[in-house]
Structures are given as structure tokens and as C-alpha cells.
J.: 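This is the structure I want to talk about, given as C-alpha cells.
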Protein chains: 2
Amino acid sequence: MAVTIADVARTAGVSASTASRAFNHPHRLRAETVARVKAAAEELGFRHNRHAKALSTGRSSALGLIVPDLSNPFFPPLVHATQLNAEEQGYSLYILSSEHNANREQQLARLVSHDVAGLILASPRMSAAQVRVIAREVPTILINAQVKGIPTVLVSAAGAIADAVEDGAEKGISGVSYIGSDERWWPNTEREESARAAAERHGVPYRRLSLSEPTYEAAREVVRSVEIRSHELVVAFDDIVAHGVLDGMGARGYRPPRDFRILGCDDALPISTSPALSTVHLDTRMAARIAVDLLLGEGAGEPQTVVVSGSYRPGATI
Amino acid sequence: MAVTIADVARTAGVSASTASRAFNHPHRLRAETVARVKAAAEELGFRHNRHAKALSTGRSSALGLIVPDLSNPFFPPLVHATQLNAEEQGYSLYILSSEHNANREQQLARLVSHDVAGLILASPRMSAAQVRVIAREVPTILINAQVKGIPTVLVSAAGAIADAVEDGAEKGISGVSYIGSDERWWPNTEREESARAAAERHGVPYRRLSLSEPTYEAAREVVRSVEIRSHELVVAFDDIVAHGVLDGMGARGYRPPRDFRILGCDDALPISTSPALSTVHLDTRMAARIAVDLLLGEGAGEPQTVVVSGSYRPGATI
DNA sequence: GTGAAAGCGCTAACAG
DNA sequence: CTGTTAGCGCTTTCAC
């Protein structure tokens with residue numbers, strides 16, 4: 001049916017093992033032989049059977065990527081970039097979505113762990129203990145989470161949030177409110193903590209408003225019941241939450257930057273709005289590249305932590 | 001290293017083939033034997049090696065899904081639903097993004113075609129001829145595209161657009177403008193054609209405004225140079241284009257529904273806006289379910305076409 | 001530098 | 001109903 005390496009070997013006039021070596025250990029062969037085999041392969045349209053290869057070598061040529069929610073615009077660019085980088089190294093990618101459910105996430109991770117050469121957990125919901133269970137079964141990289149001993153890429157908004165608060169301070173904000181979920185989830189806690197620290201640094205009052213979920217609707221509702229103080233800077237978990245706040249405040253007649261100021265995060269929405277939202281731009285493509293590199297590159301396995309810093313992107317709302 | 005079926009067989013006191021049959025043809029075994037094997041498997045934590053299985057059976061337990069653009073909010077729900085349905089049937093999913101590039105799409109399709117049991121092409125950019133090349137190599141299902149002889153799921157906005165135009169006609173629109181890209185791409189042509197037909201049916205003037213790309217920015221720009229006529233109904237390719245139009249028109253002081261009316265499509269944005277956009281809701285989860293079923297279910301292979309009709313979802317802009 | 005042979009883990013005839 | 005045997009396509013010792 002399909003073209004096998006035996007076919008290639010035959011038309012190249014060598015044995016199957018030599019044909020195999022032409023691809024896997026070309027330096028152990030005469031250059032001329034390698035060329036002949038590759039020509040034959042090209043001619044016949046040969047492509048390795050990944051299952052046979054995986055079975056015989058004991059390693060897979062696929063990677064796994066687990067995200068909490070493909071529908072959140074933060075993730076698709078990350079997913080796509082991961083795909084590109086994986087592909088570049090000859091790996092394909094299993095993408096799985098956990099629906100923000102820690103148990104399902106672990107279940108998915110275990111499910112693919114035996115079938116992939118490595119696993120990338122993006123903004124995982126699992127506990128550190130659960131992550132360690134997975135990491136014991138398969139090489140694992142974390143994005144936006146921290147577990148001791150496991151290589152990590154942090155897409156950090158902290159510096160950018162500090163810049164935004166500073167910008168606000170110069171314009172005379174009366175305080176800082178962070179609006180996010182109250183979960184201990186790295187993307188949330190990092191942003192919350194940096195907003196708090198920045199407020200403190202500038203000597204303005206700080207508070208946290210908690211959402212049951214970081215959604216547009218939840219954000220819109222919360223500012224209906226909670227008074228946003230005049231000239232306050234709202235630091236929203238992400239752009240979606242920020243727009244919920246804008247909508248809720250708008251319904252009450254409050255507009256930024258006249259009545260309050262607001263900062264979003266992620267800069268990944270497919271649409272803009274007026275006034276243009278001030279936000280934090282995060283380089284998820286770079287994060288993906290680094291994550292794949294940590295998995296497959298030179299120093300693979302070293303439990304290093306790489307931080308990719310976002311940048312403050314002023315709009316019209318601060 | 002890992003637990004093999006031979007290990008299971010040994011602890012269950014049967015041969016490897018019997019152990020294998022316990023999973024693949026349980027009805028051909030005594031119930032008691034099946035139970036014993038499964039208990040042993042459970043006890044040892046056995047899991048099939050998918051590569052060995054694929055190699056020996058000649059079929060893969062993975063499906064492939066190719067989308068043009070993961071970042072467009074239309075696709076993530078479709079992707080996720082496909083994943084769930086595939087998983088339910090014991091398949092995992094390779095997700096690939098073509099970046100709206102026909103050649104890359106075909107290249108990706110060929111790349112995975114040998115590794116999957118079936119392929120779903122969602123809103124493909126490939127030509128019919130290119131699709132046929134792929135379909136010859138692997139069972140293929142089309143979503144939002146039509147190629148004779150290949151099973152298809154159409155997520156249709158036509159009826160909903162007709163409903164919206166009718167709603168507009170009752171409110172006295174002066175004409176219909178369709179704003180989309182000018183490509184021959186099923187999602188675009190279906191929407192365009194249904195807008196045109198509905199305008200004709202209601203006896204109002206129709207025109208098409210073409211975008212180089214169906215993006216927020218392109219839409220915003222086009223309404224800066226093209227005059228939208230008073231009380232016209234703009235049928236936008238999708239919600240992103242619609243919001244671009246809203247922004248561009250808003251900058252000139254025009255607001256719906258006072259000055260013009262507008263309909264979006266897809267209903268998948270993570271945020272709302274005011275005024276709430278009238279749009280077309282499409283059931284992509286259902287489409288995914290059907291697509292997977294067409295691939296793996298009973299009548300698999302039959303080149304039937306299933307249409308999943310969207311519904312008009314009135315907001316405040318019509 | 002290259003070939004022959006064995007084996008990865010599993011399933012599918014073929015016997016019994 | 002169950003065991004024996006062969007083999008999926010590839011890589012890899014081990015010889016030469």
C-alpha cells in the first residue's frame with residue numbers, strides 16, 4: 001500500500017538498515033549513499049510511518065499542549081506558535097482543552113502522556129502535586145505556573161502593570177482596584193500582586209474585587225453593585241473583564257478616562273472598541289518558542305525559569 | 001518499562017491474544033475471561049500502546065482537524081466540540097491551523113493524512129481539486145465547503161440572514177449592503193448570496209462592498225470611504241467585520257439603529273458591546289458532533305450533506 | 001560503510 | 001472459546 005523503507009532501499013540498491021541510517025545517522029554512511037537513498041525516497045514519495053518508528057525507537061514524534069480554554073483569545077496565538085515550532089522540529093502536536101477543570105486536566109495529561117515526547121501545560125489549573133505526577137511520566141514544561149523543579153516559561157504582565165499604574169499615578173489616580181477571579185491561579189495572582197505592589201509604591205489605596213469567573217458578564221455585574229471611586233484606576237484581569245467593566249460603568253454613565261481609568265491585559269481581542277482600551281501586550285509566540293525549545297532543545301530537562309515580559313500599551317482609558 | 005499486554009495476559013493466566021481479544025472482541029470470549037483480563041489490566045495500570053496498535057491494525061486512533069485560523073472565535077468552540085466527540089469514541093485529535101493559506105492547508109493535510117483515521121476540514125481554503133487529492137488518501141469530512149462526493153456539514157447562516165432582512169424590511173430599510181471579503185469561500189459566498197436574495201425578495205436595492213480581508217480594521221476603513229446610505233441594512237460577514245463597521249460609522253457620528261442597521265454573524269465573541277449587535281447564532285458544537293459521526297459512525301463514507309441552520313438573534317442594531 | 005537478523009507491542013489469521 | 005504463530009514498518013545491535 002504505502003511506500004515503505006524497504007521499497008526505498010530496493011530502488012536505491014541498498015539494504016533496509018542502510019536506508020534507515022541515511023535518515024537517522026547520515027554521518028555514518030558514505031555521502032554518496034545517503035544521496036542515493038534520499039533520491040529514491042523522494043522519487044517514491046516515501047514518508048516514515050510514525051507508528052512503526054515510535055514503536056521501534058520507543059519515542060514519539062508528537063508533543064502535547066494542554067490549555068484551560070481554547071475560546072479565550074489569549075490561547076490561540078500561543079497554540080498556533082507552539083504548533084509552528086513543533087512542526088519545525090518534526091513534531092506534531094496534540095492540543096487539549098481542560099475547560100478550567102483541574103481533574104479533567106490531569107486526566108487529559110495522563111491520557112496523552114504515554115503518546116508524546118513532551119507535554120506543555122499552559123496556565124494549568126492542576127495543583128503542584130498533580131503536575132509532579134505528570135512530570136514524572138513525561139518531560140513537562142509549564143507556562144504561567146510555578147512548580148519547583150519543572151522548567152517554566154512565565155509570560156509576565158507585572159512590569160507592564162507597574163508601568164500602567166505609574167502612568168496613572170502621574171495623572172492623579174485616587175486608588176487602584178484589581179478585578180479578577182479570586183483563584184490561586186498564576187495569571188491571576190501575578191497580576192493582582194503586581195497591581196497591589198504598584199499601588200503601595202505610589203502611596204494610593206488598593207483593593208481587590210473578586211469575580212466568581214473572569215468573564216464579561218461577571219465583570220459587568222460586579223460594577224453595578226460595587227461603587228468604583230472617582231478617578232480610580234481599575235486593573236482588570238484581562239481585556240474581557242475590562243470590557244465588562246466598561247459596559248457596566250457605561251450603563252451608569254461613567255466613562256474613562258474622565259470618571260475612572262482602566263487597564264486590560266492580553267491584547268488579543270479580534271476587535272477594538274472606543275475608547276481604545278489601554279492594555280498589556282504579551283508575547284505568547286515568544287513564550288511558545290521558548291517552551292518548545294525547553295522541551296526539545298539543547299539544555300532540555302534543566303529546570304530553568306524563563307520570563308517573557310509584557311509591555312504596557314497605552315490606549316485612551318488611562 | 002511500561003505495562004504490556006503480555007504482562008496482563010500473564011497475571012490473568014491467559015495468552016496475549018486472549019488478553020487482546022478481551023478488549024477488541026469481548027463477545028468472542030467467555031464473560032468470565034474478559035472480566036479476569038480486565039481486572040488484571042486495571043490492577044497493573046495497563047494502557048494500550050497506540051503505536052503498536054496502529055502498526056498492527058493499520059489504522060490510527062487519531063483524527064485530524066484543519067481550521068483556517070484558530071484565532072477567529074468561530075473556530076475554538078468547533079475545535080473543542082470535535083475534541084470531545086472524538087475522545088468519546090476513543091480517538092485523539094490533531095488540530096492544525098492553515099493560516100487561510102490553501103497550499104499550506106493541503107501540505108498540512110498530506111502531512112497528517114497517513115497518521116489519522118480521518119480528517120475534518122473546517123471552512124477549507126483548498127480548491128475542490130486539492131480536497132479530492134486528500135480525500136483519496138484518507139476519509140475526509142468537509143465543514144462549510146462543498147465538493148461533490150465528499151460528506152459535508154454546512155453550518156448555514158442563510159435562513160437566519162433572510163429572517164434578519166425580513167425584520168429589517170418591516171422596519172423600513174432602504175437597501176441591503178453585504179460587507180465581506182470577495183473570495184470564493186463558502187462561508188462568505190453563502191452569506192453574500194442569501195443577503196442578495198433576501199434583498200431582491202423584499203424589493204430593496206442590494207450591493208456588495210468588498211474587503212481585502214474580513215478583519216476589524218479593513219471593515220472600519222471601508223466605511224470611511226464608502227457612503228452607507230441612510231436606513232440601510234448592513235449584513236456583515238461576521239461579528240468582527242460588523243464591529244469594524246460600527247466603529248467606522250461611529251467615528252462619523254452614525255449610530256444604529258437610528259441611522260443605519262447592521263447584522264453580524266457567528267455569535268462567538270467573548271465580549272458584548274453597546275448597542276448589542278444583532279447577529280446570527282450558529283451551532284458549531286452540533287456541527288462538530290455530526291462531522292465526527294459522519295467520520296466514525298454507522299453510515300460513514302456516505303457522501304451525504306447535512307445542514308445545520310443558524311438562527312437570527314436580534315439585538316439592538318436592527 | 002553496509003547487510004542480516006532480531007525485536008518494539010500489538011492484533012489477526014489459523015488451528016485446535 | 002483459547003493458544004500458537006506470524007507480521008505490521010522501522011531501528012538497531014552485531015557481524016563482516
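Throughout, protein chains are lettered first and strands after them, A, B, ... in sequence-line order, and every chain is numbered starting at 1. Worth knowing before you read on, the calculation uses all heavy atoms, side chains too, and leaves out hydrogens, waters and symmetry mates.
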J.: Sequence neighbours excluded and cut-off under 3.5 Å, please list the side-chain donor-acceptor pairs for residues 3-10 of chain B, or say none.
T.:
from	atom 1	to	atom 2	distance (Å)
B:Thr4	OG1	B:Ala6	N	3.1
B:Thr4	OG1	B:Asp7	N	3.3
B:Thr4	OG1	B:Asp7	OD2	3.4
B:Asp7	OD1	B:Arg10	NH1	3.3
B:Asp7	OD2	B:Thr4	N	2.8

J.: ring-ring contact (aromatic ring centres under 6.0 Å, His included) with A:Phe46: which residues, sequence neighbours excluded?
T.: A:Phe23, A:His48
J.: Under the side chain to side chain donor-acceptor pair (under 3.5 Å) rule, collect the residues that match up with B:Thr11, sequence neighbours excluded.
T.: none
J.: Scan for salt bridge (Lys or Arg N to Asp or Glu O under 4.0 Å) pairs involving residues 128-149 of chain A, sequence neighbours excluded, and state none if there are none.
T.: A:Arg110-A:Glu137
J.: Let me know the distance between CZ of A:Arg28 and P of D:dC14, rounded to the nearest Å.
T.: 13 Å
J.: For residues 285-310 of chain A, please give each side-chain donor-acceptor pair under 3.5 Å, one per line with the distance, not counting sequence neighbours.
T.:
from	atom 1	to	atom 2	distance (Å)
A:Arg289	NH2	A:Asn85	OD1	2.9

J.: Using a 4.0 Å cut-off on heavy atoms, which residues in residues 40-61 of chain B reach DNA chain D? List them by number, or say none.
T.: B:Leu55, B:Ser56
J.: List the atom pairs, donor and acceptor, that lie under 3.5 Å between side-chain atoms in residues 68-79 of chain B and the rest of the protein, sequence neighbours left out.
T.:
from	atom 1	to	atom 2	distance (Å)
B:Asp69	OD1	B:Ser71	N	2.8
B:Asn72	OD1	B:Phe74	N	2.9

J.: Starting from the first five and the last five pairs of the helix from C:dG1-D:dC16 to C:dG16-D:dC1, work out the angle between the resulting helix axes, to 10 degrees.
T.: 40°
J.: Could you list the donor-acceptor pairs under 3.5 angstrom formed by side chains in residues 24-31 of chain A, with sequence neighbours left out?
T.:
from	atom 1	to	atom 2	distance (Å)
A:Asn24	ND2	A:Ser20	O	3.1
A:Asn24	ND2	A:Ser20	OG	3.3

J.: For C:dT2, does either OP1 or OP2 sit under 4.0 Å from a side-chain N or O belonging to A:Arg30?
T.: yes
J.: Tell me, please, which residues at least two apart from A:His100 pass side chain to side chain donor-acceptor pair (under 3.5 Å).
T.: A:Arg125
J.: Taking the nucleotide of DNA chain D with the nearest heavy atom to each, does B:Glu32 or A:His25 sit closer to the 5' end?
T.: B:Glu32
J.: Not counting sequence neighbours, which residues clear side chain to side chain donor-acceptor pair (under 3.5 Å) with A:Thr152? List them please.
T.: none
J.: Inspect the contact between A:Glu32 and A:Arg36 and indicate whether a charged nitrogen and a carboxylate oxygen are less than 4.0 angstrom apart.
T.: yes
J.: Please list residues of residues 5-24 of chain B whose heavy atoms come under 4.0 Å from any atom in DNA chain D, ordered by number; otherwise none.
T.: B:Val14, B:Ser15, B:Ser17, B:Thr18, B:Arg21
